[in-house]
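Throughout, a chain's letter reflects where its sequence line sits, starting with A, and its residues are numbered from 1. What's counted below: heavy atoms across the whole structure, side chains too, no hydrogens, waters or symmetry copies.
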Amino acid sequence: MNIEKKISEKIKEALQSLYGAAVEKVALEKTNPDFVGDITLVVFGFLKLSKKKPEETATEIGNYLKANVPEVADFNVIKGFLNIVVSDAFWSDYLKSIYSKPFINAALPAGAPVVMVEYSSPNTNKPLHLGHIRNNLLGFSVAEILKAAGNKVVKANLVNDRGIHICKSMLAWQKWGNGETPESTGIKGDKLVGKYYVEFDKHYKKEVETLVQQGKTKDEAEKQAPLMQEAQQMLFKWEAGDKDVKELWATMNGWVYKGFEATYKMLGVDFDKVYYESQTYLLGKSIIEEGLAKGVLKRRPDNSVYIDLTADGLDEKTLLRADGTSVYMTQDLGTAIQRAEEVKFDRLVYTVANEQDYHFKVLFLILKKLGYKWADGLYHLSYGMVELPEGKMKSREGTVVDADDLMDEMIATAAATSKELGKADGLSEAEANKLYQTIGLGALKYFMLKVDPKKKMLFNPAESIDFNGNTGPFIQFNYVRVQALLRKAKDTMSFDTSAALNAPAQLLPQEKELIIKLYNFPVVLNQAAAEYSPAIIANYVYDLAKEFSQYYHDNPILKEKPEVALFRLQLAQTVGVAIKSCMSLLGIEVPDRM
RNA sequence: GGUUUCGUAGUUCAAUGGAUAGAAUAGGGCUUUCCUAAAGCUUUGAUGGAGGUUCGAUUCCUCUCGAAACUACCA
């Protein structure tokens, strides 16, 4: 049984027995490291019941616990704080109970809640950049965390494959592409399509400029520029099913998908379901009638349809234009309803940057007003933007950090550092390359995931490539140390991982700390799942690795006499498994040597 | 203008209303006859400002200053 739970039950008993008071909930916390003890009860809240001084109250409760709870070895009182010492035997037994078992329970309970996590959702007109990396890493990691916390997870990607943006690329390619293909140029498909998107923009800007010089307003110029008109024409043709346009569209999107696939593979993310907007963009129109009938939606004289959210502190939101066409919101309503029917999710998580907070607020509210019960299970995983030291990424200033380039750079830096330190000596080229990739991507992923998703983050390329301190490679290194120990132990003392674990009667303080850290994992995992925050896992695994690093530094393991060495190895092994498991929740691999 | 979010060491990040606000990095000073020094030890240094609630506030409330995002019949 969970020790906190047991102690808090006993504290309720103590309050009943000592002061005749019934208390509903007793909150415990971890003892501050500067004091002796493992678990702390703050007694200020009970003074009204005891009618005694804080010290006296705490001592009375402490005495009761020590007498009635075998696991409570001792206690001390400082002001209103009752610090409880849990016996070494309890911690040793706990370690024994998890030794040589999977650190994370992979089996899902029957009837596990179904959670759909949508993430990535790129546009097909340009390659993925740094912002997408945060999105992809977050979405993937949150999905893994929810899985580990006992949910049946469906990862989904909604590809924005249609619209004016891709038409711009198509048009520019027709005009200036000279039949270029990824094959003929050797350029990655998504990059090639992106190149023509930029090309369009260049010519378009010139046209706008010319029109402005001729006396048009900027607004007029932007709408009337011939290139924009042509792109619009192309979109109409696409919607009308024009064969040539559809063919070009399919071809160029095909190039992009091949490029995306390579980026996703390198990034290590995957999806259970891929949706395409070309197949979903008409959804949602059908519910307009329903909404009008229910009186939730209203029609304006010009025939456009809207919902009035001013009573909720929001604005009026148009859902159908006067010409009867739908807007993005309408589409999102439709896809949500479709998924609710198709997947029957308990929760649907949208991984989308916080610039769309308003959009999702409105989306969820409309679905609730339309009477869908499942709308309560919708969640916007809103994450902050990634900024560079010089400010926001701006495509026209060329400061956009390309996802592929960034990963390549991280891997190259890992390679250079490894070679410099002679860490790759004795590895085959394939092994060495795999190692560089593991370290480079580990650094990048950890750097991005250790920050609270809700907060905007600063991406400093120089610092992200650092391998010291609170970084992915530092954590990987401590895993590697464990593996080196285990390898050596197999040779020198025929260490056998199937041997039973026998703990010493008295644990070293650092050993106890490590076991307590391991013991806390389920709480940490649940918190990470509840808050949709990989950062909580990242901070946890860093703490664990740091704690182990000090233990390793201060205490020889293999040089000790056999029974001590055996226990320390088994503890190290357990820590290694824990590190690897936590890193996998972040989508980060660990090497066996580095 | 309105709505929302955010202001913590030089910098990048932590802290269910709890004890002396933790790390990392940068700067100062050390450690290698020791299982991987991609390590460890040590030192300097912070809650934007003013009130309030509380035994206790980085955390909750009000005001204020500063930053960002959103506020389309765009996606």
Quiz item: Any donor-acceptor pair under 3.5 Å between the side chain of S304(A) and the base of C73(B)?
Solution: yes
Quiz item: Under the side chain to side chain donor-acceptor pair (under 3.5 Å) test, which residues partner E547(A), sequence neighbours left out?
Solution: none
Self-check item: Pairs flagged by ring pair (Phe, Tyr, Trp, His ring centres under 6.0 Å) wherever residues 461-494 of chain A is involved - sequence neighbours left out
Solution: F474(A)-Y542(A)
Quiz item: To the side chain of K488(A), which of A75(B), U36(B), A38(B) is closest?
Solution: U36(B)
Self-check item: Whole-Å P distance, G7(B) and C60(B)
Solution: 10 Å
Quiz prompt | Separation between the P atoms of G27(B) and A19(B), rounded to whole Å | solution = 32 Å
Quiz prompt | Test side chain to side chain donor-acceptor pair (under 3.5 Å) applied to T330(A) - qualifying residues, sequence neighbours left out | solution = none
Quiz item: Heavy atoms under 4.0 Å, any strand shown: does I439(A) hit a base, just sugar-phosphate, or nothing?
Solution: base
Quiz item: With rounding to whole Å, what would you report as the distance between U12(B) and C6(B) at their C1' atoms?
Solution: 16 Å
Quiz item: Are D302(A) and S304(A) linked by a side-chain donor-acceptor pair shorter than 3.5 Å?
Solution: yes
Self-check item: Which residue lies more 5' along RNA chain B, comparing P453(A) with G163(A) via nearest heavy atoms
Solution: P453(A)
Practice problem: Any salt bridge (Lys or Arg N to Asp or Glu O under 4.0 Å) involving residues 25-42 of chain A? Give me the pairs, sequence neighbours left out, ordered by first then second residue. | Solution: D38(A)-K512(A)
Practice problem: Identify whether any heavy atom of V305(A) sits under 4.0 Å from a base atom; if not, whether one sits that close to sugar-phosphate; answer base, sugar-phosphate or nothing. | Solution: nothing
Exercise. Determine the contact category for M594(A): base if any of its heavy atoms lies under 4.0 Å from a base atom, sugar-phosphate if only primed atoms, P, OP1 or OP2 are that close, otherwise nothing.
Key: base
Self-check item: R481(A), nearest nucleotide to its side chain (from U36(B), C73(B), C35(B))
Solution: U36(B)
Practice problem: Quick one: list whatever passes side chain to side chain donor-acceptor pair (under 3.5 Å) with R162(A), sequence neighbours left out. | Solution: E239(A)
Practice problem: Please confirm whether any donor atom in the side chain of S418(A) sits under 3.5 Å from an acceptor in the base of A38(B), or the reverse. | Solution: yes
Exercise. Taking side chain to side chain donor-acceptor pair (under 3.5 Å) as the test, write out the residues that go with Y446(A), two or more places apart.
Key: N470(A)
Quiz item: Under 3.5 Å, side chain of S8(A) to main-chain N/O of K5(A), donor-acceptor pair present?
Solution: yes
Measure all distances between protein nitrogen or oxygen atoms and nitrogen or oxygen atoms of nucleotides 17-20 of chain B, and list the pairs falling under 3.5 Å.
residue, atom, partner, partner atom, Å
A19(B), N6, T40(A), OG1, 3.1
A19(B), N6, N83(A), OD1, 2.9
A19(B), N1, N83(A), OD1, 3.3
A19(B), N1, N83(A), ND2, 3.4

Quiz item: Which part of the nucleic acid, if any, lies within reach of L458(A) when heavy atoms closer than 4.0 Å are counted: base, sugar-phosphate only, or nothing?
Solution: sugar-phosphate
Practice problem: Could you say whether V480(A) or F447(A) is positioned toward the 5' end of RNA chain B, judged by the nucleotide with the nearest heavy atom to each? | Solution: F447(A)
Exercise. Compare side-chain N and O positions of K455(A) against OP1 and OP2 of A14(B) and report whether any pair is under 4.0 Å apart.
Key: yes
Quiz item: Of all the nucleotides listed (U36(B), U3(B), U16(B)), which has the minimum atom distance to the side chain of A27(A)?
Solution: U16(B)
Quiz prompt | Nucleotide of A75(B), A38(B), U71(B) approaching Y328(A) most closely (side-chain heavy atoms) | solution = A75(B)
Quiz prompt | Whole-angstrom distance between U58(B) and G48(B), as gauged at atom P | solution = 10 Å
Quiz item: What's the CD-P distance between E513(A) and G22(B), to the nearest Å?
Solution: 16 Å
Practice problem: Would you indicate what D323(A) reaches in the nucleic acid, counting non-hydrogen atoms under 4.0 angstrom: base, sugar-phosphate, or nothing? | Solution: nothing
Quiz item: Looking only at atom C1', what distance separates U53(B) and A68(B), rounded to whole Å?
Solution: 30 Å
Quiz item: Of all the choices, A23(B), A38(B), A75(B), which nucleotide is nearest to the side chain of K423(A) once you look at every atom?
Solution: A38(B)
Quiz prompt | C1' spacing across the pair U54(B) / G40(B), given as an integer number of angstrom | solution = 43 Å
Quiz item: With both distances under 3.5 angstrom, what nucleotide forms a Watson-Crick or G-U wobble pair with U3(B)?
Solution: A69(B)
Quiz item: Does a donor on one side chain sit under 3.5 Å from an acceptor on the other, for S169(A) and N125(A)?
Solution: no
Practice problem: Could you pull out all residues at least two apart from V36(A) that satisfy side chain to side chain contact (heavy atoms under 4.5 Å, CB included)? | Solution: N76(A), V85(A)
Exercise. With a 3.5 angstrom cut-off on both distances, give the Watson-Crick or G-U wobble partner of C30(B), or none if there isn't one.
Key: G40(B)
Exercise. Taking side chain to side chain contact (heavy atoms under 4.5 Å, CB included) as the test, write out the residues that go with T59(A), two or more places apart.
Key: N63(A), F75(A), V77(A)
Self-check item: Salt-bridge present (D491(A), R487(A); N to O < 4.0 Å)
Solution: no
Practice problem: Could you work out the separation of U25(B) and G18(B) based on their C1' atoms and round it to a whole Å? | Solution: 29 Å
Exercise. Test R593(A) against E431(A) for salt bridge (Lys or Arg N to Asp or Glu O under 4.0 Å), laying out the working first.
Key: CA-CA 10 Å; R593(A) 58 185 80 212; E431(A) 287 170 330; over 6 Å; no
Quiz item: When you measure from every atom of RNA chain B, which of residues 468-479 of chain A have a heavy atom less than 4.0 Å away?
Solution: N468(A), G469(A), N470(A), F474(A), F477(A)
Quiz item: From C73(B), C35(B), A24(B), pick the nucleotide closest to the side chain of L485(A)?
Solution: C35(B)
Self-check item: Opposite nucleotide pairing with G22(B), Watson-Crick or G-U, both atom distances under 3.5 Å
Solution: C13(B)
Quiz prompt | Interatomic distance, N354(A) CG vs U71(B) P [rounded to whole Å] | solution = 12 Å
Exercise. Could you check whether D357(A) gets within reach of a base, just the sugar-phosphate, or nothing at all, counting any heavy atom under 4.0 Å?
Key: nothing
Quiz item: Quantified in whole Å, what is the C1' atom distance between nucleotide A46(B) and nucleotide U20(B)?
Solution: 15 Å
Exercise. Go ahead and name the base partner of U8(B); Watson-Crick or wobble counts if both distances stay under 3.5 Å, otherwise write none.
Key: none
Self-check item: Out of U25(B), C74(B), C13(B), whichever nucleotide has its closest atom nearest the side chain of V451(A)
Solution: C13(B)
Practice problem: Mind checking ring pair (Phe, Tyr, Trp, His ring centres under 6.0 Å) for Y436(A) and listing every partner two or more places apart, or none if nothing turns up? | Solution: none
Quiz item: Side chain of V327(A): nearest nucleotide among C35(B), A38(B), C73(B)?
Solution: C73(B)
Exercise. Mind listing the residues from residues 544-556 of chain A sitting with a heavy atom below 4.0 Å of RNA chain B? Number order is fine.
Key: K546(A), S549(A), Q550(A), Y552(A), H553(A), N555(A), P556(A)
Exercise. Using both distances under 3.5 Å as the test, list the Watson-Crick or G-U wobble partner of C63(B), or none.
Key: G49(B)
Practice problem: Could you tell me whether K434(A) and E589(A) make a salt bridge, using a distance below 4.0 angstrom between a side-chain N and a carboxylate O? | Solution: yes
Quiz item: What does S382(A) touch in the nucleic acid at a heavy-atom separation under 4.0 angstrom: a base, only the sugar-phosphate, or nothing?
Solution: nothing
